There are 2 protein chains.
Amino acid sequence: MMDRTYKDIQQITLAVDCIIFGFNDNRLEVLLVHRGFEPEKDRWSLMGGFVGNHEDLDDAANRVLKDLSGLEDVYMEQVRTFGKAKRDPYERVVSTTYSALILKDKYNKELIEEFRAKWFPIDELPDLIFDHKEMVESAIRRLQRRVRTFPIVFNLLPDKFTLPQLQKLYEGIFQEEMDKRNFRKKLATMDFLIKLDEKDMSESKKGAFLYRFNEKKYNKTKNFTI
Amino acid sequence: MMDRTYKDIQQITLAVDCIIFGFNDNRLEVLLVHRGFEPEKDRWSLMGGFVGNHEDLDDAANRVLKDLSGLEDVYMEQVRTFGKAKRDPYERVVSTTYSALILKDKYNKELIEEFRAKWFPIDELPDLIFDHKEMVESAIRRLQRRVRTFPIVFNLLPDKFTLPQLQKLYEGIFQEEMDKRNFRKKLATMDFLIKLDEKDMSESKKGAFLYRFNEKKYNKTKNFTI
DNA sequence: TCAAAAGTGTTTGTTCTACACCCATGC
DNA sequence: GCATGGGTGTAGAACAAACACTTTTGA
């Protein structure tokens, strides 16, 4: 800032909106809330809230996520800030988006009821208020980029998971199919997955071996990319 | 946003700060302004300004850039938003950073004088106020990422440039040396550089051929990466 | 016994890396 | 004639892509 003439400066309402990703039924999903009141009644929106005057922006995002989902200690990142003057036609609000990757099992189901929230697969989004569609799209693009170089997908999976599950998750995020053998070969070369002596029998007759992500081994991996 | 109880909501001062990159003397540089007044007198800061209540955030960034440098139609991108409650110890200000790539020749030199601004090579930054150092660093990291997949470096070069110049620019951004033959080979495979019948004789006795970036040919290039 | 998903290697093409000498010119 | 930066090609390694059959077991 060039100047310290704060008194003359207009202040603006600041919000955070959370793009909450989950994985279910082999699809990447986003959590949305249904607006049961005017304005914009019966449309869907992201979960959001306003930023307090003495509150860090990151803290505001975490607070909103906790209030609306019951979740703490979740992998969350700032995505970008939406600042068009008319983005909210009712009043000037600048909103910073954060994306969270959560494990749906851990999610507080009563809160879903309470907020009339619902999970939507990313290729079947309903009509969203304001610029929320653009927000979701930019968060998906960011996720696609981050996922290639950071092992963040494991935030969307339970502690133990199978390789078919992991592959389906990547396919859901990239929205494209991958070759099973090449996929496994790549993971094998960077050995940060621990194979357990245990199978998940729920998806097939043969059963698929369960794996666990090992953070220590990952940290020794150079140049992780999928 | 969940609620429309706007009246209860605290409003916050919003700023934009510009990380202005230039290229000179084979080095990537950032433009900083010297504070000749209290508080924080004699320290350096980014060029910034406040966001008007009816002004798009992007427009605010462009306005600030124009006011402080005289430049318009510049390649500028939002980087991220800094929102710690205490980031500015004097008052609560949330600031969104934008990075601009400019050609130093076009820059209005009188404004440099007027604002006591100065270019600094990115590896020789002075002490900066608040979190401006972190802002510069995050903008550099973003630039490093963007530059690998988009042909934005040409915004930092004159219309006609030589291959040694271009290579030095990439080296300045990545802060690492590159192999001359591999670099040229890669550019040759994606043929969006037009070789001119003209040499730049200022850097060597032999002279280096001048090239021009061709946007149309670039658009036909798939999978651009350096 | 058969349907359904899990698991496994090889070959080929592409891209990346490392590396050294000649050229043109101004001085 | 020599110092300075500009310009060029090749061989080996690493990585990416394409591709088909066997295994297990519940129904």
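Just so it is clear, the model here is predicted, and its values are computed rather than measured. Just the heavy atoms: all of them, side chains too, but no hydrogens, waters or symmetry mates, feed the values below.
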Separation of [X] atom [atom1] from [N] atom [atom2], in whole Å?
X        : N      : atom1 : atom2 : result
A:Leu163 : D:dT23 : CG    : P     : 20 Å
B:Lys180 : D:dG9  : NZ    : P     : 13 Å
A:Glu177 : D:dC19 : CD    : P     : 14 Å
A:Gln165 : C:dG7  : CD    : P     : 11 Å
B:Lys195 : D:dG7  : NZ    : C1'   : 8 Å
A:Glu203 : D:dT24 : CD    : P     : 20 Å
B:Met178 : C:dC19 : CE    : P     : 17 Å
A:Arg184 : C:dA5  : CZ    : P     : 14 Å

Would you mind telling me which residue lines up with the more 5' stretch of DNA chain D, B:Lys168 or A:Met201, judged by nearest nucleotide?
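Going by which nucleotide is closer to the 5' end, it is B:Lys168.
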
Please evaluate the base of D:dT23 for a donor-acceptor partner in the side chain of A:Lys206 within a cut-off of under 3.5 Å?
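Between D:dT23 and A:Lys206, which were checked side chain against base, a qualifying N/O pair under 3.5 Å is present.
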
Do A:Lys199 and D:dT25 have a side chain to base donor-acceptor pair shorter than 3.5 Å?
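Under the 3.5 Å cut-off, the side chain and the base do not form any donor-acceptor pair.
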
Counting side-chain heavy atoms from C-beta on, which of D:dC19, C:dG7, D:dG6 comes nearest to A:Asp179?
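The listed nucleotide nearest to A:Asp179's side chain is D:dC19.
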
Of the nucleotides C:dA6, C:dG26, D:dT8, which has the atom closest to the A:Pro164 side chain?
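Of the options given, the side chain of A:Pro164 lies nearest C:dA6.
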
Report the residue from A:Lys185, A:Lys186, A:Lys180 that forms a side chain to side chain donor-acceptor pair (under 3.5 Å) with A:Asn182.
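Among the candidates, only A:Lys185 passes.
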
Less than 4.0 angstrom between a side-chain N/O of B:Lys186 and OP1 or OP2 of C:dC16, yes or no?
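Looking at the OP1 and OP2 atoms of C:dC16, one of them is under 4.0 Å from a side-chain N or O of B:Lys186.
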
Any side-chain N or O of B:Arg181 under 4.0 Å from OP1/OP2 of C:dA18?
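Negative; the distance criterion is not met.
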
Could you go through B:Asp200 and B:Phe161, starting from their C-alpha distance and side-chain angles, then the distance that decides it, and tell me whether this counts as side chain to side chain contact (heavy atoms under 4.5 Å, CB included)?
CA-CA 8 Å; B:Asp200 167 38; B:Phe161 52 86; over 6 Å; no

Would you mind telling me which residue lines up with the more 5' stretch of DNA chain C, A:Lys205 or A:Asn182, judged by nearest nucleotide?
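The residue whose closest nucleotide sits nearer the 5' end is A:Lys205.
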
By nearest nucleotide on DNA chain C, pick out whichever of A:Lys185 and A:Ser204 is the more 5' one.
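Its nearest nucleotide lies further toward 5', so the answer is A:Ser204.
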
Note, A:Ser138 side chain near A:Phe82 side chain (heavy atom, < 4.5 Å)
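Heavy-atom side-chain distance check passes, below 4.5 Å.
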
On the ring face of B:Tyr211, is B:Lys195 found with NZ or CZ under 6.0 Å from the centre and within 45° of the axis?
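Verdict for B:Tyr211: no cation-pi partner in B:Lys195.
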
A:His132 side chain to A:Ser45 main-chain N or O, any donor-acceptor pair under 3.5 Å?
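Checked: no pair found.
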
